[in-house]
Amino acid sequence: MKSDNQSCSGDPPKAFILLGVSDRPWLELPLFVVLLLSYVLAMLGNVAIILASQLDPQLHSPMYTFLSHLSFLDLCYTTTTVPQMLVNMGSSQKTISYGGCTVQYAVFHWLGCTECILLAAMALDRYVAICEPLHYAVLMHRALCQQLVALAWLSGFGNSFVQVVLTVQLPFCGRQVLNNFFCEVPAMIKLSCADTAVNDATLAVLVAFFVLVPLALILLSYGFIARAVLRIQSSKGRHKAFGTCSSHLMVVSLFYLPAIYMYLQPPSSYSQEQGKFISLFYSIITPTLNPFIYTLRNKDVKGALRRLLARIWRLCG
């Protein structure tokens, strides 16, 4: 049993203390400013992409259906964690209730696994568009896109449900201090005073499935895409084909690399100090960068955003 200087009790704590950077007080103000600016940018960028995808007829295609869901995921992702972090950094009481903590890690893991499946669906869409262009409209029909999106959301919920059921049963023996910015399952397992072998194994198996299987499908899709693109005779055609995929590859890298480091290492080697900053990266930095990556590298999205801004300007004028 893990040692702790508080008495062991079967009752869960009423609240947890989120340590964040309390041990580095000089970091709190600059980090507060960075988080606030990032949250505002993430909200504006993702809302803009959702509105453009829904209102602009030129973006009514499977690719932008998936992109609007990705933007909605990123909105939820940041809203699940950042407001709580901002409140804690601006307050001397850096607490979150037990129920609030449970909801936070449940939603966080639901959204994370949903994004894994959604990114794989987007890779499939790019594969069909480039490798089977003549059959694209037939293969990537509206019903299939809706089914893939539903599969992503339901799969993410199923994973989160299993994790929550196992995590809420863990005893904490009076422990309340989480060395993290927000609640997530690895930190909760680390805090527990019981044998967590079942939790560790379940987390490893589910995360390996939801991270490695979609990632393998993405890499396989882009392997076929690269082979098809290299067969294109004109350099302009190759550049255009690579350009349509580069944004998605950047987003995949930003999302998967921290997730692999965070969740696919042995529990014994998990460092809370490193883990909390990696969590901070993929919970706020990645969702903030995603809309700008897609906007700066996609002429269709840039054109749709210009038309959206012009429409808003006319309404306001």
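Below, each value reflects all heavy atoms present in this structure, side chains not excepted, and no hydrogens, waters or symmetry copies. In this text, all values refer to a predicted model and were calculated from it rather than measured experimentally.
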For Phe161 and Leu166, what are the C-alpha separation, side-chain angles and deciding distance, and is it a side chain to side chain contact (heavy atoms under 4.5 Å, CB included)?
CA-CA 9 Å; Phe161 180 77; Leu166 291 175; over 6 Å; no
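- Counting only heavy atoms from C-beta outward, the side chains of Val251 and Leu70 approach each other to under 4.5 Å.
- The distance from atom CG of Asn199 to atom CG of Leu170, rounded to the nearest 0.5 Å, is 4.5 Å.
- Using a 4.5 Å heavy-atom threshold, the side chains of Tyr222 and His248 count as touching.
- By the neighbour-count criterion of 12 heavy atoms within 6.0 Å, atom CZ of Phe72 is sparsely surrounded, having that number or fewer from other residues, nucleotides or ligands.
- For the side-chain contact (heavy atoms from CB on, under 4.5 Å) with Cys101, the qualifying choice from Leu18, Leu178, Thr95 is Leu178, the only one to do so.
- Residues Leu219 and Ile225 fall within the same hydrophobic cluster, defined by Ile, Leu, Val, Met, Phe, Trp and Tyr side chains chained together at heavy-atom separations under 4.5 Å.
- Under the 4.5 Å side-chain criterion, counting only non-hydrogen atoms from C-beta, Thr102 is in contact with Val164.
- A salt bridge (Lys or Arg N to Asp or Glu O under 4.0 Å) check over residues 131-148, counting only residues at least two apart or in different chains, returns nothing.
- Atom OH of residue Tyr98 and atom SG of residue Cys183 lie 10.5 Å apart, to the nearest 0.5 angstrom.
- Using a 4.5 Å cut-off on side-chain heavy atoms (C-beta onward), Arg126 and Ser221 make no contact.
- Two residues are said to be in side-chain contact when any heavy atoms from C-beta on lie closer than 4.5 Å; Phe66 and Leu148 meet this criterion.
- Distance alone, capped at 3.5 Å, places no donor-acceptor pair between the Glu184 side chain and the His109 backbone.
- Side-chain contact between Cys76 and Val107 is absent, with no heavy atoms from C-beta onward closer than 4.5 Å.
- What you find for Thr167 and Met188 is that their closest heavy atoms are CG2-CB, 3.8 Å.
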Stepwise side chain to side chain contact (heavy atoms under 4.5 Å, CB included) test for Lys190 and Thr196:
CA-CA 8 Å; Lys190 194 81 171 179; Thr196 58; over 6 Å; no
Quick one: do Ile130 and Val229 satisfy side chain to side chain contact (heavy atoms under 4.5 Å, CB included)? Show the steps, please.
CA-CA 8 Å; Ile130 293 173; Val229 170; 4.0 Å; yes
Let's go through Tyr105 and Gln163 carefully: what are the C-alpha distance in whole Å and the side-chain angles of both, what is the deciding distance for side chain to side chain contact (heavy atoms under 4.5 Å, CB included) to 0.1 Å, and is it a yes or a no?
CA-CA 9 Å; Tyr105 67 70; Gln163 294 295 340; over 6 Å; no
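- Ring to ring, Phe181 and Phe277 are close: their centroids are under 6.0 angstrom apart.
- Applying side-chain contact (heavy atoms from CB on, under 4.5 Å) to Met85 and the options Leu31, Leu280, Ile96 leaves one that passes, Leu280.
- Ring-plane geometry between Phe108 and Phe182 is classed as tilted, the angle between the planes lying from 30 to 60 degrees on a 0 to 90 degree scale.
- Annotation: side chain of Val128 is not in contact with side chain of His135 (no heavy-atom distance under 4.5 Å).
- Side-chain contact between Val33 and Leu37 is present, with heavy atoms from C-beta onward closer than 4.5 Å.
- For residues 28-44, the pairs satisfying side chain to side chain donor-acceptor pair (under 3.5 Å) are Glu28-Lys94, Tyr39-Thr79, with sequence neighbours left out.
- The 12-atom threshold is exceeded at OH of Tyr136, counting heavy atoms of other residues, nucleotides or ligands nearer than 6.0 Å.
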Report all side-chain donor-acceptor pairs from residues 113-123 shorter than 3.5 Å, counting only partners two or more places apart or in another chain.
unit_1 : atom_1 : unit_2 : atom_2 : d
Thr114 : OG1    : Trp110 : O      : 2.7
Thr114 : OG1    : Ala152 : O      : 3.4

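- Shown here is Phe281, whose CZ atom has more than 12 heavy atoms of other residues, nucleotides or ligands within 6.0 Å.
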